[in-house]
Amino acid sequence: MEPSIRAPRGIKDVLPPDASRFEAVLKEAESVLSLGGFQKVLLPLFESTALFARSIGGATDIVEKEMYTFLDKGGDQYSLRPEGTASLLRAAIEHRLLDPSRIIRLAYSGPMFRHERPQAGRLRQFTQIGAEVLGPLTPADDVDLISLIHRMAIDFSIPSWTLILNSLGCPLCRPAYRETLVAYLVKNAASLCETCHRRTAQNPLRVLDCKVPSCQEALEQAPRITEHLCTRSRNHFEDVKMGLDGLGIPYVLSHRLVRGLDYYTETTFEFVSDALGAQSTWAAGGRYDGLTAELGGPDLPGIGFAAGIERLWLLREKAGTLPDPEKHPVRIMVFPMETNGRVAALDLVRKLRNAGVPASGHFSGGKIKSAFRQAERDGALFLAILGEDELRSGTVQVKNLETGEQCSWPLNDVKKIADMIRESGG
RNA sequence: GUGAGUGUAGCUCAAGGGCAGAGCACUGGACUGUGGCUCCAGGGGUUGGGGGUUCGAAACCCCUCACUCACCCCA
């Protein structure tokens with residue numbers, strides 16, 4: 001009864017009719033990016049482990065414990081991609097797409113892999129769509145990217161969403177803030193949890209993200225980064241906020257939004273929804289000035305985001321805005337009543353397909369009744385019957401299963417049947 | 001990695017120590033070549049797996065596995 005081999009934990013099969021609906025959800029999200037002038041890049045599913053360690057950050061959870069890492073036969077170490085930005089930047093640098101004199105907009109989509117305990121909205125293989133803007137950026141480019149995600153929220157009727165906004169400063173002002181913060185954390189170490197102690201040394205900004213109540217309390221008085229930004233970063237942040245205000249895009253500020261990837265600078269943002277369970281983020285991203293240089297390319301500003309397609313699915317499901325399942329995946333099923341009609345049935349199926357009509361055959365014989373039931377269950381709109389009489393007269397009975405209408409057609413003019421089927425809607 | 005909850009037919013779920021059941025689905029018949037409705041019949045299960053307690057375990061105890069949710073983390 002139980003199959004001996006099951007799908008790995010956290011890996012989901014998507015079956016009909018949901019599979020084509022899932023692809024539609026992905027496609028609709030991608031088309032928003034097309035509207036934004038983004039061009040798609042196809043990227044590999046695995047990369048050198050070092051790429052992720054260097055871009056995402058060695059002290060992050062993703063790199064420390066969530067990557068699927070393996071050695072290939074040549075002894076090189078690779079990892080299944082846990083996110084897309086690193087790959088896309090690697091490709092842009094490798095193929096010399098980056099140009100200090102112009103902005104490029106690139107998009108990607110596909111499966112990502114992280115070894116985490118699965119729960120609602122969290123899988124080990126999940127699908128992301130992402131976009132990156134690279135070049136001589138202004139704060140307006142930050143706003144423009146955010147407004148594209150805002151469009152998704154509107155277009156897909158995402159229920160009760162919130163845009164959370166913060167600034168992480170730049171390589172000039174962040175180190176100074178970091179020191180101030182560490183000083184505060186060390187002074188208040190007694191009231192912080194163990195993880196926070198570790199992070200104080202390794203990744204102090206992440207301490208701000210701690211959800212332990214006693215830590216939150218201790219962090220009330222902690223220095224806030226937005227009050228320690230340099231003039232340039234402060235102006236940048238003000239410009240972004242003004243832009244969002246100007247477009248009427250609502251947001252809330254959170255000095256605790258630090259993100260789990262090291263490469264973010266300046267603007268960071270998260271689109272969340274409380275309709276999603278504990279995993280509330282459905283799209284997130286930020287500015288990452290300096291990452292292209294870190295990866296060996298020209299030192300250019302960049303900003304990007306990623307959205308989780310499975311989470312978009314859950315939200316659209318709740319909102320009732322999922323694409324409808326395909327009503328008639330097969331338009332017509334051909335049923336030979338006797339064994340000696342099988343070849344004629346095969347030939348009819350083939351000719352219908354040649355004429356562009358999705359067709360299948362029910363060749364196993366049996367009662368005509370079961371053929372009707374089978375056709376209905378497979379989602380066919382028509383059933384074609386080839387019995388003794390039809391074979392003798394070179395015709396076929398074609399019945400519309402929704403209207404009950406039935407006609408006899410000559411077998412040597414399949415094109416007419418195909419036209420009729422195409423015109424019959426459904 | 002940690003914690004809690006749940007595992008009974010293909011699906012949704014009953015039976016809380018005493019014959020493993022219902023609805024839906026499936027197959028066949030009533031209806032010789034015309035489906036959906038109705039009625040009748042049938043096939044389906046080592047009750048996730050292993051051990052223990054008991055005259056007797058789906059049920060109680062222990063272990064284990066899986067799933068779900070949450071912590072954590074993030075899309």
Side-chain angles (χ1 to χ4, degrees), chain A residues 1-12 26 29 56 60-67 81-85 109-131 149 152 193-196 199 203 206 209-213 257-261 269-273 276-285 304-315 333 335-338 341 362 365-378 380-391 397-406:
Chain A
M1 181 184 122
E2 280 301 304
S4 54
I5 299 179
R6 312 166 50 97
R9 166 174 294 182
I11 307 294
K12 276 267 190 297
L26 174 61
I56 299 169
T60 58
D61 287 302
I62 292 177
V63 169
E64 265 183 355
K65 49 196 189 202
E66 293 177 2
M67 289 206 297
R81 60 181 187 186
E83 58 112 35
T85 300
S109 67
M112 306 293 163
F113 306 85
R114 290 182 202 170
H115 188 100
E116 302 179 274
R117 278 289 274 270
Q119 68 182 76
R122 189 167 78 185
L123 296 166
R124 290 186 172 181
Q125 177 181 327
F126 58 101
T127 313
Q128 277 189 351
I129 179 176
I149 310 170
M152 291 191 193
C193 72
E194 201 166 311
T195 323
C196 285
R199 284 182 175 151
N203 194 348
R206 282 291 309 288
D209 201 28
C210 187
K211 275 121 200 156
V212 176
L257 179 69
V258 296
R259 314 286 301 129
L261 294 79
F269 56 87
E270 257 180 38
F271 280 80
V272 299
S273 168
L276 211 45
Q279 308 302 319
S280 55
T281 306
W282 54 273
F305 85 97
I309 300 299
E310 286 83 1
R311 291 182 182 178
L312 275 183
W313 171 284
L314 291 172
L315 290 166
M333 176 177 281
F335 174 62
M337 296 201 41
E338 319 287 345
H362 182 71
K367 300 269 182 213
I368 193 167
K369 196 164 162 179
S370 66
F372 271 102
R373 275 208 289 263
Q374 183 76 41
E376 208 168 47
R377 241 183 300 139
D378 290 3
L381 180 53
F382 290 91
L383 182 68
I385 302 157
L386 279 169
E388 292 288 348
D389 300 345
E390 288 75 24
L391 288 174
Q397 296 286 329
V398 179
K399 182 166 184 177
N400 183 317
L401 296 175
E402 272 179 8
T403 64
E405 244 175 302
Q406 181 167 334

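The model shown is predicted, which means the values in this text are computed figures rather than measured ones. Below, chain A is the first sequence line, B the second, and so on; all start at residue 1.
- Between B:A75, B:G33, B:C71, one nucleotide has an atom nearer to the side chain of A:Ala278 than all others, and that is B:C71.
- Under 4.0 angstrom from either OP1 or OP2 of B:U68 there lies at least one side-chain N or O belonging to A:Lys12.
- In this structure a side-chain-to-backbone donor-acceptor pair under 3.5 Å is present from A:Glu390 to A:Gly387.
- B:G49 atom C1' lies 13 Å from atom CZ of A:Arg6, rounded to whole Å.
- Taking atom CZ on A:Phe372 and atom C1' on B:C37, their separation rounds to 16 Å, with Å as the unit.
- In this structure, CD of A:Gln374 is placed 16 Å from C1' of B:G28, rounded to the nearest angstrom.
- As rounded to the nearest Å, B:C19 and B:G28 have P atoms that lie 34 Å from one another.
- Closest approach to the A:Pro118 side chain among B:U34, B:A70, B:U68 is made by B:U68 (side chain taken as heavy atoms from C-beta onward).
- Backbone-only engagement by A:Gly277 is indicated by non-hydrogen atom pairs under 4.0 Å involving sugar-phosphate atoms exclusively.
- Comparing B:A58 with B:G49, their P atoms are spaced 11 Å from each other, to the whole Å.
- Side-chain contact of A:Glu310 with A:Thr127: a donor-acceptor pair under 3.5 Å is present, judged by distance alone.
- Candidate nucleotides B:A66, B:A75, B:A30 were compared by shortest atom distance to the side chain of A:Glu116, and B:A75 ranks first.
- Nearest to the side chain of A:Phe126, among B:G36, B:A75, B:U34, sits B:A75.
- Per the geometry, CD1 belonging to A:Ile368 stands 5 Å off C1' belonging to B:U34, to the nearest Å.
- Separation of the P atoms belonging to B:U12 and B:G48 is 14 Å when rounded to the nearest angstrom.
- Rounded to an integer number of Å, the gap from CG of A:Leu276 to P of B:C69 is 11 Å.
- For RNA chain B, each stem of at least three Watson-Crick or G-U pairs (distances under 3.5 Å) is given as range with range: B:1-7 with B:65-71, B:10-13 with B:21-24, B:26-30 with B:38-42, B:48-52 with B:60-64.
- Contact annotation: side chain of A:Gln397 to base of B:U34, donor-acceptor pair absent below 3.5 Å.
- By the 5.5 Å and 30° criteria, A:Trp282 is not stacked with the base of B:A75.
- When the P atom is used for both B:A9 and B:A15, the distance is 15 Å, rounded to whole Å.
- A sub-4.0 Å separation between OP1 or OP2 of B:G28 and a side-chain N or O of A:Arg373 is present.
- Across the P atoms, B:G50 and B:U8 are found 16 Å apart, a figure rounded to whole Å.
- For A:Glu388, whose side chain is taken as the heavy atoms from C-beta onward, the closest listed nucleotide among B:C73, B:G33, B:C31 is B:G33.
- Taking atom C1' in both B:U53 and B:C71, one finds a spacing of 36 Å when rounded to whole Å.
- Note that the CE atom of A:Met337 and the CG atom of A:Asp389 stand 9.0 Å from one another [nearest 0.5 Å].
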What's the verdict on side chain to side chain contact (heavy atoms under 4.5 Å, CB included) for A:Cys210 and A:Cys193, showing C-alpha distance, side-chain angles and the deciding distance? CA-CA 9 Å; A:Cys210 187; A:Cys193 72; 3.9 Å; yes

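- Side-chain N/O atoms of A:Arg377 include none lying less than 4.0 angstrom from OP1 or OP2 on B:G36.
- For B:G16, the base is syn relative to its sugar; the glycosidic angle is within 90° of 0.
- For the P atoms, the distance from B:A25 to B:C39 is 12 Å, rounded to whole Å.
- Listed for the A:Asn400 side chain is a donor-acceptor partner under 3.5 Å among the backbone atoms of A:Glu402.
- Across all strands shown, A:Lys65 has no heavy atoms under 4.0 Å from either base or sugar-phosphate atoms.
- A:Arg122 places a side-chain N or O within donor-acceptor distance of the main-chain N or O of A:Arg117, the cut-off being under 3.5 Å.
- Here A:Leu123 lies in heavy-atom contact (under 4.0 Å) with a base.
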Step by step, work out the side chain to side chain contact (heavy atoms under 4.5 Å, CB included) result for A:Phe271 and A:Thr281. CA-CA 6 Å; A:Phe271 280 80; A:Thr281 306; over 6 Å; no

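- Side-chain nitrogen and oxygen atoms of A:Arg117 include none within less than 4.0 Å of the OP1 or OP2 phosphate oxygen of B:C74.
- Salt-bridge check for A:Asp61 with A:Arg259: failed, with every basic side-chain N at 4.0 Å or more from each acidic carboxylate O.
- Positionally, the nearest nucleotide of RNA chain B for A:Glu405 lies more toward the 5' end than for the other of A:Glu310 and A:Glu405.
- Listed nucleotides: B:G33, B:C74, B:C72. Nearest to the side chain of A:Arg122: B:C72.
- Of the candidate nucleotides B:G33, B:A75, B:A30, B:A75 has the atom nearest to the side chain of A:Ala284.
- The separation between A:Met112 atom CE and B:A75 atom C1' is 9 Å, rounded to whole Å.
- By the 4.0 Å N-to-carboxylate-O rule, A:Glu83 lies too far from A:Arg114 to be salt-bridged with it.
- Judged by distance alone, with hydrogens and angles left aside, A:Lys369 brings no side-chain donor or acceptor close enough to the base of B:U34 to form a pair under 3.5 Å.
- Looking at heavy-atom distances under 4.0 Å, A:Arg124 makes no contact with the nucleic acid at all.
- Ranked by how close their nearest RNA chain B nucleotide is to the 5' end, A:Leu261 and A:Arg9 are led by A:Arg9.
- Residue contacts for A:Glu390: at a heavy-atom cut-off of 4.0 Å it reaches a base atom on one of the strands shown.
- The phosphate of B:C73 (OP1 or OP2) has a side-chain N or O of A:Arg206 nearer than 4.0 angstrom.
- The NE2-P distance, from A:His115 to B:C74, rounds to 16 Å in whole Å.
- Here A:Gly121 lies in heavy-atom contact (under 4.0 Å) with a base.
- The side chain of A:Lys367 places no N or O atom within less than 4.0 Å of a non-bridging phosphate oxygen (OP1 or OP2) of B:G35.
- Applying the 6.0 Å contact sphere to CD of A:Glu405 captures no more than 12 heavy atoms from other residues, nucleotides or ligands.
- Side-chain atoms of A:Glu402 and base atoms of B:G36 include no donor and acceptor less than 3.5 Å apart.
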Please assess A:Glu116 against A:Arg124 for the test side chain to side chain contact (heavy atoms under 4.5 Å, CB included), listing each intermediate value before the final yes or no. CA-CA 6 Å; A:Glu116 302 179 274; A:Arg124 290 186 172 181; 5.5 Å; no

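- The distance from atom CZ of A:Phe382 to atom C1' of B:U34 is 16 Å, rounded to the nearest whole Å.
- Distances shown here put a side-chain N or O of A:Gln119 below 4.0 Å from the OP1 or OP2 atom of B:C71.
- Annotation: B:C72 and B:C13 have their C1' atoms spaced 34 Å apart (nearest Å).
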